Amino acid sequence: MSERYDPQAIEARWQQRWLDEGTYQVDNDDPRPPFYVLSMYPYPSGPAHMGHVRNYTMGDLLVRYRTMRGDGVLSPIGFDSFGLPAENAAITTGTHPRINTEANIEALSASLRRIGAVYDWRRVVRSHDPSYMRWTQWIFLKFYEAGLVYRDTAPVNWCPGCQTVLANEQVLGDGTCERSGDLVERHDMEQWFYRITDYAQQLLDDMDTVDWPEKVKVMQRHWIGRSEGTEFGLAVADDDGNARTDVEPLKVFTTRPDTSFGITFAVISPEHPRVDELTTEDRRADVDAFRTSVAGRSEIDRMSTTGPLDKRGVVTGGRVVNPFTGRAIPVFLADYVLMTYGTGAIMAVPGQDQRDWDFAKAHGCDIVRTVQPPDDFDGDAYLGDGQAINSGFLDGMAVGEAKAAASDWLEAEGLGVRKVNYRLRDWLLSRQRYWGCPIPIIYCDSCGEQPVPVDQLPVELPDDVEFMPTGRSPLTTHDGFLTATCPSCDGPARRETDTMDTFVDSSWYFLRFTDPWNDEAPFSPDSAARWLPVDQYIGGVEHAILHLMYARFFTKALADLGVAPPGLREPFQRLFTQGMIRLGGTKMSKSKGNLVAPEPILDRQGADALRLAHLQVKPPQEDVDWEDFGIDGCAKFLARVWRLAAPGSDLWTGARAGDTTGADADIDRATHRLVARITDEYDRWSYNTAIAGFMEFTNTLYRYVQADDGPHTDTLDAAIDALLQVMAPAAPHLCAELWETRRGGHVHLEPWPEADPAKLVDDTVTMVIQVNGKVRDRVEVPADLDEAAAEALALASDKVLAALAGGAPRRVIVRAPKLVNVVV
RNA sequence: GCCCGGGUGGCGGAAUUGGCAGACGCGGAGGACUCAAAAUCCUCUGACCGAAAGGUCGUGCGGGUUCAAGUCCCGCCCCGGGCACCA
C-alpha cells in the first residue's frame with residue numbers, strides 16, 4: 001500500500017477483482033429482494049465519451065448503493081449494435097459492419113470497466129447476435145399473427161442521403177433527417193407497420209402509474225394527442241344547393257360540434273380520395289395544379305409553413321350542406337389538412353378558429369360568430385367560453401352544454417357519432433438497409449405473403465455482400481438471400497429485403513436481460529415477472545418520446561400475447577433523465593466532433609476522480625458544460641481522504657485512547673449525521689450535494705485531527721469507516737482499497753451503515769435573534785429550550801435592548817429553539 | 001404561438017416545510033513549511049461605506065401577501081428545451 005494516493009496502483013486491480021469474483025453477478029433465484037437498475041441501451045460508436053461516463057457513473061452508483069442496502073441488484077449491459085453509422089462506414093471504407101461494430105463493442109466495454117462500472121457480464125445482449133435476432137423476429141411474427149403488424153402503401157419520408165424511409169419522429173422540424181441532415185422527400189411506398197395506435201388509450205392512461213419526470217410524461221401525452229369530438233357527415237350538394245341522398249356525405253371530425261351553425265366552408269386534404277368527385281370542371285385545372293404543387297413537399301414542410309393562406313388553398317367548386325343550417329357551403333383544398341389525421345376533411349368555423357378565420361379572409365368566405373365573445377374582446381376568432389348565438393336550438397347554452405346538445409342531435413338524426421382521435425400514428429418499422437434485423441417474411445407468387453416458419457429463425461444477414469456507394473441495401477441484389485422456398489407450397493419465392501428499425505431491438509432488450517440464456521423463448525414469463533418493471537431506468541431525455549413509447553407498446557403487447565406476464569403493463573417504473581454534456585456551447589457528440597475522451601483523465605487523475613467530478617459538477621438531471629468540470633479538485637479531495645485513512649498516516653500522530661471528550665462526541669454525532677444525510681441524498685438523486693457532504697465531513701475530520709487535543713483513535717476510526725462506506729458507491733476503487741487495508745474484505749459487500757437517530761440532534765443549537773426580521777444576534781441555547789425561555793433570552797439580548805430603546809416590543813414571534821423575531 | 005424547465009458571488013452550484021442567503025468546489029488573496037519552488041496544511045474571500053466596531057444593500061425586473069420571501073401570489077423581461085396549423 002503506497003503512502004500517497006495513486007489511482008493507477010489500485011483501480012485496475014479492483015476492476016479485475018469485481019469481474020473475476022463476479023461481485024455484481026446476480027442469479028434469478030437470488031434470495032435478496034430484487035432490484036433492477038438499467039441504463040439505456042448504448043449504441044456502440046467506439047470507446048466511451050463523457051456523455052456515457054456521466055450516464056454510467058450514475059447507474060453504477062445506484063447499483064452499488066442498492067447492493068449495500070441489501071438488494072440483489074440486476075445490473076445488465078448490452079449493445080444496440082444495429083444501425084446506420086456502421087453501414088455508412090461500410091459504404092465508405094468497405095469494412096463489414098460486423099467487424100467495426102464488434103470492435104466498438106469491445107472498446108466500449110473496456111471503457112465501462114475502466115470507469116469502474118459493474119455489470120453482470122454473463123447477461124450481455126447484442127442486437128446483431130443471431131440468438132437475439134431470432135427472438136426479435138419471433139416477436140415480429142407473434143405480432144403478425146395477432147394482427148399487430150401490417151403492410152401498407154403509405155406516403156413516407158424518404159431520406160436521399162440514407163436511402164431509406166424515416167419515421168415521422170426521425171424527421172426534424174426543418175424537414176431534414178435527424179441522422180444525415182439531408183432534406184427529406186415524400187414517396188409512396190409499401191412499408192411495414194406496427195399497430196401501436198391500438199394501444200393509444202392504454203399508453204395514455206398508464207402514464208399515471210409510473211414515477212417519471214413530469215416533463216417526459218407531458219411529452220408522451222402530447223405525442224399521443226388524444227382529442228374527443230364528433231364525426232359527422234356533410235351531405236354533398238346538388239346544383240340547387242340541396243343535399244343529395246345518392247352519394248356518401250363527406251365525413252369530418254370536430255372537437256367543437258357546438259359551433260356547427262357557424263360552418264361556412266369545408267376543407268379537404270389534397271390526398272383525399274374524393275377530390276376528383278367534388279371538383280367541378282371549371283376548377284379542375286387549378287385543383288390539379290395545386291395537388292401537384294403539394295405532392296412533392298414533405299409533410300413536415302407542409303405543416304410548418306407559415307405563408308399567407310390564399311396561396312395554400314384552392315376552391316374545388318364543389319359544395320356540401322351544413323346539416324345544422326341546411327345551407328350549401330363551398331369545399332376547398334388546403335395543404336395543411338392532412339389525410340393522416342381524423343377524416344382528412346374539416347368543417348371550417350372562422351368565428352371560433354383563428355386559422356379558419358384567416359383562411360376565410362383570404363378566400364372571401366362568410367364569417368358567423370356562434371359564441372358570444374365578452375364585451376371587451378377585440379380579437380378575430382373567439383376561442384373562449386360563452387353563450388351560443390346564431391345557433392338555433394343551441395342558443396343560450398354554454399360551450400360544454402352546446403357540445404353535448406349538438407352531438408346528441410347528430411347522433412339522434414343518424415348523421416354522426418361521438419369519437420376519440422389520436423395524433424399518434426402507427427409505427428413504420430421497415431428500413432431499406434442491410435445492417436438491421438431482417439423482417440422474416442417470404443413472398444410467393446402463388447401463395448402471397450408468408451411468415452417465415454418459426455423453426456427457420458433467425459433469418460440471418462449474408463456476410464458476402466458489397467456495399468454500394470448509392471447506399472442501396474446489398475440485400476436487394478444478393479441472390480442467396482433473396483431466393484427462398486415458399487413455406488406453404490414449397491415453390492420458389494422471394495425474401496423480404498427490408499430490415500427493422502433499430503428501435504425494435506431496443507423495445508424488448510430489457511426483457512431479454514432477465515433470461516438471456518433462454519433458447520425456447522425470448523424470455524420466460526417468470527424471469528420477467530421477477531425483475532420487471534425496471535426499478536430505475538436511467539438515460540437521456542432525447543429518448544423521452546420514441547424509445548420509451550415503443551418500449552411501452554412492446555411490453556403491453558407482449559403481456560397481452562402471453563409472452564410477458566399479463567400483469568406487466570409498464571416496463572420502467574422509475575425513470576431518471578440525466579442532462580447532457582456540452583462543449584463549446586453545443587451538445588457533446590460524435591457527429592458534432594467535439595468529444596472529450598476520458599482516457600487521459602483516467603490515466604492521470606483516475607476513475608474515481610472522474611466519477612466524482614461528474615457527480616459533483618451539477619444536479620444530475622441538468623445539462624452541464626465540460627468547461628465547468630473540476631477534476632483536479634476531486635482528485636485533491638480523494639488524496640485528502642487517502643492521507644487521512646491510510647494506515648501509518650502522519651495525521652494520526654496525536655491520536656489518543658482512553659476517555660472521550662466533548663470534541664470526540666461532536667465527531668461521533670457528525671458521523672451519524674453524515675450517514676443520514678448521504679442516505680437521503682442518494683435516495684433523492686442529490687449526488688452533487690452528497691459529494692459536498694463528503695468534502696465537508698473530511699474537512700471536519702482534518703480540523704479534528706489537527707486540534708490541540710488530537711483525535712480519539714476509536715472515534716476517528718469509526719468516522720473514517722463510515723465515510724468510506726457512504727463514499728463507496730461514488731468512489732468505489734479508493735474506498736475498496738482503504739477498506740480492505742483497514743478492515744479486510746469488500747466494502748461493497750458491507751451492509752449500509754445506519755444512523756442512530758439519538759445522535760442526529762445536538763445538545764445545543766444556535767438560536768437566531770431577529771429584530772424586525774433582520775438578524776441582530778445569535779446565542780447558543782439548549783436544544784430543548786421552551787418558548788418562554790427563548791423569548792426571555794431574546795429580550796435580554798443587548799442588541800434587542802438597544803433596538804427597543806426602553807420601549808416594549810410590539811410583537812414577539814418565537815420558533816424555539818431556532819429563531820426569535822422581535823417586532824418593534 | 002403553445003407547453004415545460006430555469007435566472008442566486010468572478011465561475012459551477014447550496015438552501016427538502018416561508019425562518020441565519022451564498023454549503024461544497026473552482027478561481028483569488030494572505031500565511032505556515034522550504035535555501036527556493038512544487039506539493040501539502042491553515043486562514044480569508046457577495047457588493048458598498050468604515051481605521052475598526054459596525055452599518056447599508058443584495059437571489060432577473062416591478063408590485064403584493066407575511067412578524068419574516070430565493071421560496072407564496074399577480075404582472076413583465078431574459079435564457080434553455082420540447083411541440084409547432086391535429087381539425
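Letters A, B, ... are given to chains in the order of the sequence lines, protein chains preceding strands, and every chain is numbered from 1. None of these values were measured; they are calculated from a predicted model.
In this model, the phosphate group of B:rG25 is approached by a side-chain N or O of A:Asn699 to a distance below 4.0 Å at OP1 or OP2. For the pair A:Arg640 and B:rC42, the criterion of a side-chain N or O lying under 4.0 Å from OP1 or OP2 is met. The shortest distance between the side-chain N/O atoms of A:Arg776 and the OP1/OP2 oxygens of B:rG54 is not below 4.0 Å.
Taking atom P on both nucleotides, B:rC24 is separated from B:rC73 by 31 Å, rounded to a whole Å. Only the C1' atoms considered, B:rA14 is 15 Å distant from B:rC26, to the nearest whole Å. B:rA23 and B:rU45 have their P atoms separated by 10 Å, given to the nearest Å. The gap from the C1' atom of B:rU8 to that of B:rG46 amounts to 10 Å, rounded to the nearest Å.
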#### Entry: 5'-to-3' dot-bracket of RNA chain B (Watson-Crick, G-U; under 3.5 angstrom; crossing pairs as [ ]; | other strand)
(((((((..(((......[....)))((((((.......))))))((((....))))..(((((..]....))))))))))))....
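Nucleotide B:rC41 holds its C1' atom 20 Å from the CH2 atom of A:Trp642, rounded to whole Å. For the pair A:Asp680 CG and B:rA15 C1', the computed distance is 14 Å after rounding to whole Å.
Applying the side-chain hydrogen bond (donor to acceptor under 3.5 Å, both in side chains) test to pairs two or more places apart or on separate chains, those with a residue in residues 767-777 of chain A are A:Asp777-A:Ser797. Among residues at least two apart or in separate chains, there is no salt bridge (charged side-chain N to carboxylate O under 4.0 Å, His left out) pair with a member in residues 627-638 of chain A.
Scanning atom types as modelled, one donor and one acceptor separated by under 3.5 angstrom connect the side chain of A:Arg778 and the base of B:rC20.
Every residue meeting the side chain to side chain donor-acceptor pair (under 3.5 Å) condition with A:Thr689, not counting sequence neighbours, appears here in chain and number order: A:Glu681, A:Ser686. For A:Phe694, there are no ring-ring contact (aromatic ring centres under 6.0 Å, His included) partners two or more places apart in sequence or in a different chain. Here A:Asp623 pairs with A:Arg582 under the salt bridge (charged side-chain N to carboxylate O under 4.0 Å, His left out) rule; sequence neighbours left out.
Looking at heavy-atom distances under 4.0 Å, A:Arg684 makes contact with a base.
Between A:Asn699 and A:Arg640, the side chains place a donor N or O and an acceptor N or O closer than 3.5 Å (distance only, hydrogens not considered).
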